[in-house]
Peer 1: 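Pasting a structure below so you can have a look.
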Number of protein chains: 2
Amino acid sequence: MNIPLKRYSHVPVHEQICQYFIDRISSNMLKEGEQLPSVRQLAKELGVALVTVQKAYQLLQQKGYVESFQGKGIFVKQRTAIAHPPLDTKWQMLVHDYVPRAQSLAISQPLRNIRYNLATACLHGELFHMDWIRETTVHVIQQQPQLLSQYSSANGDMEFRKAVSQYIRTMSVPPEHILATSGAQQGIELVAKTFVGPNDVVLMEAPTYPGSIDVFKARGAQIIPIPVEQDGIDIKTLLRVCDQYRPTLLYTNPTFQNPTGTTLSMKKRKQLVDIAESYHFLILEDDPWSELYFDAPPPPPIKSFDKSGHVIYLKGFSKFLSPACRMGALIAEGRLLEKLIAAKSISDLGSPLLPQKIIAALLQSIQFEPSLQRLRHQLKQRAKQCHDLLHKQLPTLTFRQAAGGSTLWLTLPRQVDTTLLLEQAHLHQLSFLPGNACFPTHVPTEHIRISFAGVPLDELPNAIEQLCRALHTFQIENTIEQFPSF
Amino acid sequence: MNIPLKRYSHVPVHEQICQYFIDRISSNMLKEGEQLPSVRQLAKELGVALVTVQKAYQLLQQKGYVESFQGKGIFVKQRTAIAHPPLDTKWQMLVHDYVPRAQSLAISQPLRNIRYNLATACLHGELFHMDWIRETTVHVIQQQPQLLSQYSSANGDMEFRKAVSQYIRTMSVPPEHILATSGAQQGIELVAKTFVGPNDVVLMEAPTYPGSIDVFKARGAQIIPIPVEQDGIDIKTLLRVCDQYRPTLLYTNPTFQNPTGTTLSMKKRKQLVDIAESYHFLILEDDPWSELYFDAPPPPPIKSFDKSGHVIYLKGFSKFLSPACRMGALIAEGRLLEKLIAAKSISDLGSPLLPQKIIAALLQSIQFEPSLQRLRHQLKQRAKQCHDLLHKQLPTLTFRQAAGGSTLWLTLPRQVDTTLLLEQAHLHQLSFLPGNACFPTHVPTEHIRISFAGVPLDELPNAIEQLCRALHTFQIENTIEQFPSF
């Protein structure tokens with residue numbers, strides 16, 4: 001009897017044996033009145049203890065599938081006597097698991113009773129220039145009557161790629177080096193599954209964007225965290241790590257970094273390219289924020305210093321054009337790009353055409369630049385308001401003023417476990433991102449990420465006030481000293 | 001000196017060593033005038049032959065990076081003397097490769113000088129009810145002014161999932177069991193990467209849909225092909241294989257199967273579920289065609305007989321609604337579904353919202369059913385025309401008449417290598433899918449798949465005539481006997 005037992009499963013062996021017989025009986029492969037092997041015989045065949053088989057048979061009997069006749073043995077019960085087996089998905093526990101439960105899933109779950117969502121890095125709908133986006137979309141659909149009946153090629157629509165090429169013209173990237181992706185997240189995953197395998201070393205900023213941690217963990221990579229300084233990733237530590245390990249890839253978010261908001265200096269951008277060339281690793285540069293600066297534009301992308309194809313660049317269009325289109329663009333060259341296009345083709349045969357055409361039209365629109373300037377201005381006003389409110393209510397709390405993007409990274413006293421603080425915040429109808437979500441090791445930290453772009457503007461003051469109240473209550477309840485004074 | 005050599009690379013070891021020094025010199029980590037290790041010393045350190053290091057140093061010297069001084073050693077040349085290194089992507093050959101070049105990529109490449117595309121399984125634009133689709137889309141965008149600024153949740157928009165639940169109401173699937181995917185292809189990949197790992201056994205129909213072969217091959221699975229009979233997969237072989245291997249998953253396309261057009265009988269559908277339960281494997285039921293029947297509706301999906309959650313069901317909406325939206329829906333339960341949602345979240349954080357809203361509106365539209373009936377009628381007319389033309393011009397060629405879907409599977413004499421025949425067809429401005437693309441082993445076969453839905457209706461007669469001419473020429477040039485007479 002060939003019962004596929006999984007010794008290291010969550011499901012006890014006797015339950016696995018029981019389930020095996022239930023399946024066989026339910027599907028009539030073991031027929032009514034048929035005798036089951038003796039306890040002794042089955043235990044021997046399977047190499048398990050007698051008591052294990054006994055327990056399995058007892059369970060089967062309890063569930064009404066078999067009956068025991070003293071001195072004769074165990075037999076399959078009459079069909080009519082078996083209740084219709086309920087939907088039993090316990091066998092699913094036996095299925096191999098190659099994907100961990102997405103961290104981001106837990107974070108993105110709808111929160112009940114949350115009025116002030118400071119957790120999201122997404123922009124609130126009122127920040128988008130909706131009339132323009134909607135009218136452009138309708139125009140695209142009406143101007144190209146056959147559009148909705150067409151497929152995109154695996155690497156993306158040529159008009160989309162030309163529009164992206166033109167948009168990032170300072171980098172001089174031809175459309176042929178551009179791959180359309182369904183958001184930047186898909187770009188990260190395509191790179192990971194193409195170039196990163198189990199035990200490969202991946203270097204990540206600590207803290208970093210939580211969604212990227214999931215991707216590399218799901219690939220079974222060994223993640224080495226590199227600290228982030230005021231001017232971006234710590235180069236000294238990076239070099240030491242490179243000498244010790246043989247990294248395959250460095251994932252970085254160099255401009256208004258998610259979550260710390262720091263921007264990698266020009267000097268360090270050039271250094272990173274040199275280091276990647278020397279140690280033969282890839283840099284994956286994720287750049288969702290660089291156009292959303294408040295005053296001075298940030299330095300050019302790392303990719304623009306790359307002469308040898310060591311940098312793969314990702315640009316997402318959800319943050320400043322249309323989240324509902326979920327488009328991104330990946331830039332790479334040569335064999336790297338060929339492999340990524342193959343991976344994209346296997347993944348979904350290519351992104352949907354309609355969102356590509358919409359993003360292309362928006363990027364080429366004469367209203368694009370004014371719309372972007374308006375968005376920058378709005379975000380800057382929100383950042384300033386958030387900063388002033390925090391400064392007023394928590395004068396001793398120091399944090400870095402945002403120069404772009406949509407989030408602030410707050411550092412609380414060391415004793416604060418921000419996961420516990422989040423529970424307090426929920427009582428104040430408030431959510432934020434606890435800092436541990438941004439570290440690959442998921443240890444408790446004293447940091448939190450709050451967004452100044454995710455709630456309606458008129459609710460921002462209340463949201464910040466609720467945050468301060470939650471902190472205050474938490475401080476009193478946990479008698480934490482050195483807390484920012486109120 | 002820590003040079004990461006790859007012994008089994010396409011790039012010879014001496015070139016790898018040379019490239020290592022070029023990178024170090026270019027990035028100034030080896031400075032002008034600095035001495036390289038001696039040939040003997042480096043060979044010993046790296047465990048390679050003396051001659052390998054000699055060759056590496058010669059190459060470096062030829063490229064102008066170093067100079068040799070008799071009796072002193074090898075030194076980095078003065079900076080000014082080094083020409084700016086050209087874009088050299090040879091190092092990319094060293095990057096680990098976890099993804100094979102997508103088979104589907106080769107197939108989907110634009111074919112020059114192809115006038116009659118009989119290779120695609122996609123429907124020609126004229127088959128879609130474009131006015132209705134376009135107007136519905138514009139309506140969706142104008143009725144929901146904030147739509148384009150919103151994200152979908154990872155498992156999909158609730159309105160989309162409700163519309164799908166209602167559409168497949170005979171299966172009684174609640175919206176909670178539905179996961180929105182970017183086309184059925186993404187569904188296949190999500191299942192593969194969640195439940196199939198290296199060396200896991202995957203059972204596939206032979207022949208089958210080529211895009212699915214790529215997915216499971218990319219996972220490193222062991223693919224066991226099961227023949228397809230007139231009424232679907234061969235159950236006897238399946239049972240024998242199940243006894244011999246421990247399959248993880250069976251991928252099947254039970255209705256108007258791509259490429260053979262066969263439909264799994266009701267009896268076999270029930271058997272498949274029983275077998276999956278008994279042997280504890282998953283069935284992945286890919287169902288893009290079932291609504292596109294010509295006369296009688298096909299039997300209900302395998303999933304509708306599944307009481308224990310062993311079947312994962314996939315429905316794509318590109319074939320009869322809108323390819324430019326590339327939406328699909330996956331149906332599963334319990335832990336399987338949870339894991340698949342996690343995998344989807346890691347892959348792209350969720351499909352774009354706009355296409356989901358469009359498909360939901362189309363499915364709920366009062367014009368949906370008439371539009372589908374019109375499409376069925378058109379496809380039936382095309383199938384009949386194609387059949388009559390082939391029958392008239394190649395009376396001895398026997399093939400199965402299509403009862404639904406968009407393709408015909410033609411079987412030629414055994415001597416015909418259809419990959420070679422395709423070259424002949426290209427001379428006739430024609431393309432088709434050679435049968436070998438549909439087998440996991442990719443051996444030459446005598447089958448070809450042609451589509452009667454991919455060219456404009458008025459070009460279908462010419463396309464079939466060109467196909468017959470290509471066959472005729474090929475027969476004469478290769479002196480093949482037993483060829484269908486003309």
Side-chain angles (χ1 to χ4, degrees), chain A residues 4 23-24 27 29 88-89 91-92 95 98-99 101-102 104-105 125 128 130 133-134 137-138 141 145-151 154 182-183 185-186 189 194-195 197 214-215 218 246 274 277-278 280 308-309 322-326 334-336 339 342-343 345-349 352-355, chain B residues 4 23-24 27 29 88-89 91-92 95-96 98-99 101-102 104-105 125 128 130 133-134 137-138 141 145-151 154 182-183 185-186 189 194-195 197 214-215 218 246 274 277-278 280 309 322-326 334-336 339 342-343 345-349 352-355:
Chain A
D23 286 335
R24 288 254 147 174
S27 63
M29 297 189 81
D88 186 345
T89 53
W91 73 274
Q92 296 183 347
V95 172
Y98 285 92
V99 177
R101 188 172 167 76
S104 46
L105 184 72
F128 290 91
M130 284 316 301
I133 295 173
R134 206 168 48 242
T137 302
V138 170
I141 291 164
Q146 281 295 323
L147 170 59
L148 285 152
S149 73
Q150 289 160 2
Y151 287 85
S182 295
Q185 180 77 16
Q186 189 185 45
E189 214 240 351
T194 306
F195 303 115
D214 279 345
V215 174
R246 291 185 183 181
D274 284 348
E277 285 180 357
S278 300
H280 280 314
S308 58
S322 167
C325 289
R326 288 243 4 98
R335 266 176 65 86
L336 296 189
K339 289 181 189 189
S345 175
I346 289 176
S347 291
D348 59 12
L349 302 176
L353 184 61
L354 175 62
Chain B
D23 286 334
R24 288 254 147 172
S27 63
M29 298 189 80
D88 187 343
T89 53
W91 73 273
Q92 297 184 347
V95 172
H96 280 289
Y98 285 91
V99 178
R101 188 172 169 75
S104 46
L105 184 73
F128 290 91
M130 284 317 300
I133 295 172
R134 206 168 46 243
T137 302
V138 169
I141 293 163
Q146 281 295 325
L147 170 60
L148 285 152
S149 73
Q150 290 160 359
Y151 286 85
S182 294
Q185 180 77 18
Q186 189 185 44
E189 216 240 350
T194 306
F195 303 115
D214 278 345
V215 173
R246 292 185 185 181
D274 284 347
E277 285 181 357
S278 300
H280 279 315
S322 168
C325 289
R326 287 240 9 93
R335 265 177 67 85
L336 296 189
K339 290 181 188 187
S345 174
I346 290 176
S347 292
D348 59 14
L349 301 177
L353 184 61
L354 175 62

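Computed from a predicted structure; not experimentally measured. Every chain is numbered from 1 and lettered A, B, ... according to where its sequence line falls, protein lines coming before strand lines.
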Peer 1: Which heavy-atom pair separates A:Pro323 from B:Leu148 by the least distance, and what is that distance?
Peer 2: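 Nearest pair, atom of A:Pro323 first, then B:Leu148: CD-O, 3.2 Å.
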
Peer 1: Return the OG1 to CG distance between B:Thr137 and A:Leu354, rounded to the nearest 0.5 Å.
Peer 2: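 Reported to 0.5 Å precision, the distance equals 7.0 Å.
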
Peer 1: Which residues pass the side-chain hydrogen bond (donor to acceptor under 3.5 Å, both in side chains) test with A:Ser149, not counting sequence neighbours?
Peer 2: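 A:Gln146.
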
Peer 1: What part of A:Gln186 gets closer than 4.5 Å to chain B, counting heavy atoms only: side chain, backbone, both or neither?
Peer 2: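 The answer is both parts of A:Gln186.
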
Peer 1: Measuring heavy-atom distances to chain B, does A:Phe128 have an atom under 4.5 Å in its side chain, in its backbone, in both, or in neither?
Peer 2: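 For A:Phe128, side-chain heavy atoms alone lie under 4.5 Å from chain B.
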
Peer 1: For B:Pro145 and A:Arg134, work out which heavy atoms get closest and say how close.
Peer 2: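 Shortest heavy-atom separation between B:Pro145 and A:Arg134 comes out as O-NH1, 3.1 Å.
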
Peer 1: Below 4.5 Å, heavy-atom pairs only: which of B:Pro352, B:Pro355, B:Gly183 has the largest tally toward chain A?
Peer 2: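 The option with the most such pairs is B:Pro352.
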
Peer 1: Would the distance check show the side chain of B:Gln185 and the main-chain N or O of A:Ile346 forming a donor-acceptor pair, the cut-off being under 3.5 Å?
Peer 2: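 Pair found, side chain donor or acceptor close to backbone of A:Ile346.
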
Peer 1: Output the option from B:Ser347, B:Gly125, B:Ser322 having the highest count of non-hydrogen pairs under 4.5 Å with chain A.
Peer 2: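 Top option by heavy-atom pairs under 4.5 Å: B:Ser347.
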
Peer 1: Output the option from A:Leu147, A:Leu353, A:Asp348 having the highest count of non-hydrogen pairs under 4.5 Å with chain B.
Peer 2: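 Option with the top pair count is A:Asp348.
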
